[in-house]
Amino acid sequence: MSIAMAGEDLLGRLIADGTVSRPSGSAPETLWTQRFAQRTQHITASMIRELLKLTEQPDIISFAGGLPAPDVFPVEEVRAATERVLRDRGTTALQYTTTEGYRPLRELLARHMSRYGVEVRPENVLVTSGSQQALDLIGKLLINPGDRVLTEAPTYLGALQAFNAYQADYLPVPIDDDGMDVDALEKQLRGGPKFVYALPNFQNPAGVTLSLERRRRLVGHAAHYGTPVVEDDPYGQLRYEGDHLPSLVELDAETHGCANGERRDAMLRALDRHAPLGVRWTRPGGGLFLWTTLPDGFDTLKLLDEAIAAKVAFVPGAAFYPCGGGERTMRLNFSYAAPDVIEEGIKRLCRVIERGGKKE
Ligand SMILES: Cc1ncc(COP(=O)(O)O)c(C=O)c1O
């Protein structure tokens with residue numbers, strides 16, 4: 001049995017399956033093949049689908065397909081939930097909704113993901129019909145004919161089918177018991193893939209899991225080469241032993257927290273350069289804020305008006321004292337603005353401080 005059956009073979013199968021009917025009285029195959037879009041030449045039939053047909057025969061002990069055990073399907077729970085939705089929100093449930101999907105569902109999914117350390121807002125969630133549809137959308141969005149996709153070898157067949165339809169080429173990376181070989185990955189990244197397709201948990205088909213150390217290196221290499229990573233994780237929550245490992249997206253967010261280190265440094269440098277004599281500030285080892293203390297006589301609450309007029313903002317420190325005090329302090333956030341904006345903002349703020357703001 002061949003894995004790939006393109007073009008005429010595919011047509012034959014579709015006709016044999018009854019998926020496509022033969023136009024009456026015509027020389028059918030040529031008629032149909034002329035009508036199929038060119039991209040269908042790249043749509044391949046699935047060996048898994050063929051094997052799944054075998055699993056329908058009762059005398060076969062099948063280790064072939066990826067079917068979950070039917071006795072654990074939450075049939076009752078799904079029935080009760082469906083009944084409740086139809087009873088309480090029937091017209092909403094059956095009505096069209098936004099392309100992204102029903103907002104309360106996206107809110108729930110965002111909350112669920114944050115339990116696994118993935119911080120997303122509902123705006124970042126798009127509901128699809130299975131992850132296969134998401135893989136197809138990713139292919140549609142990112143792959144031009146001949147673009148290379150970096151994948152594990154072996155990797156998930158359904159992803160190859162989705163990407164093949166958009167005429168992807170591949171940069172394969174071997175795997176071992178700890179998942180993707182990250183040294184080989186680094187070499188392949190130099191080949192300029194459009195994106196990395198990674199299966200970090202209980203990989204399909206090999207079942208291996210990417211070690212924490214390799215996850216960090218993968219995220220670091222991908223960031224270094226500016227290559228996006230598509231993380232496909234259908235099995236991460238189906239762990240039977242050991243500890244949950246952080247997802248690639250979570251580790252990437254940590255790396256951006258280093259980005260905050262860059263911004264902290266930008267603010268410290270800008271203060272060193274522009275702050276007038278007598279102004280002091282903390283040098284935080286992490287977090288989002290630093291604390292600035294102005295010389296005696298300043299009132300940062302009063303200073304705020306002038307700062308706003310100069311188009312720069314901070315929080316006056318008095319707000320943070322439970323029993324008063326802190327009039328000459330202010331909190332500065334360094335994580336939000338980009339480094340060059342921080343430089344400009346600190347310059348403006350320091351000019352305002354120089355000009356006055358002193359108590360009468
Ligand atoms: C790695 C991987 N991604 C995606 C899928 C497809 O998931 P869905 O059924 O949600 O389309 C599977 C299913 O086997 C899979 O193993």
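None of the values given here were measured: they were computed from a predicted structure. When a ligand or atom number is given, it counts from 1 through the structure's own listing order.
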- Message: Using a 4.0 Å cutoff against the non-hydrogen atoms of Leu199, which atoms of ligand 1 qualify?
- Response: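 Contacts of ligand 1 toward Leu199, numbered from 1: 1 (C).
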- Just jot down the ligand 1 atoms closer than 4.0 angstrom to any heavy atom of Gln132, in number order.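 Counting from 1, the qualifying ligand atoms are 11 (O).
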Suppose we measure from [atom] to each protein heavy atom; which comes out shortest, and what is that distance?
| atom | answer |
| --- | --- |
| atom 10 (O) of ligand 1 | Ser131 N, 2.8 Å |
| atom 3 (N) of ligand 1 | Asp232 OD2, 2.6 Å |
| atom 14 (O) of ligand 1 | Tyr235 OH, 3.3 Å |
| atom 13 (C) of ligand 1 | Tyr156 OH, 3.5 Å |

- Do Arg331 and Phe289 meet the cation-pi criteria used here (NZ or CZ under 6.0 Å from the six-membered ring centre, within 45° of the axis)?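 Positive - Arg331 is close enough to the ring of Phe289 and near enough to its axis.
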Return yes if a side-chain donor-acceptor contact under 3.5 Å exists between [X] and [Y], otherwise no.
| X | Y | answer |
| --- | --- | --- |
| Glu186 | Tyr225 | yes |
| Asn144 | Tyr166 | no |
| Asn164 | Tyr170 | yes |

- Item | Side-chain touch Asp176/Arg214, heavy atoms, less than 4.5 angstrom |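 They are in contact (side-chain heavy atoms under 4.5 Å apart), so the answer is yes.
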- For the ring pair Phe163 and Tyr156, is the centre-to-centre distance below 6.0 Å?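 Judged by ring-centre distance (under 6.0 Å), Phe163 and Tyr156 do not meet the cut-off.
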- Query: Is there a donor-acceptor contact under 3.5 Å from the side chain of Arg121 to the main chain of Glu123?
  - Reply: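 Side chain of Arg121 to backbone of Glu123: no pair is present.
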- Message: With a cutoff of 4.0 Å, is Pro234 in contact with ligand 1, counting heavy atoms of the residue only?
- Response: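 Heavy atoms of Pro234 do come under 4.0 Å of ligand 1.
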- Do any N/O atoms on Tyr197 end up under 3.5 angstrom from N/O atoms on ligand 1?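 No - when backbone and side-chain N and O of Tyr197 are compared with those of ligand 1, no distance drops under 3.5 Å.
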- Task: Please check atom 8 (P) of ligand 1 for a protein heavy-atom neighbour under 4.0 Å.
- Result: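 Given the 4.0 Å limit, the answer for atom 8 (P) of ligand 1 is yes, a protein heavy atom qualifies.
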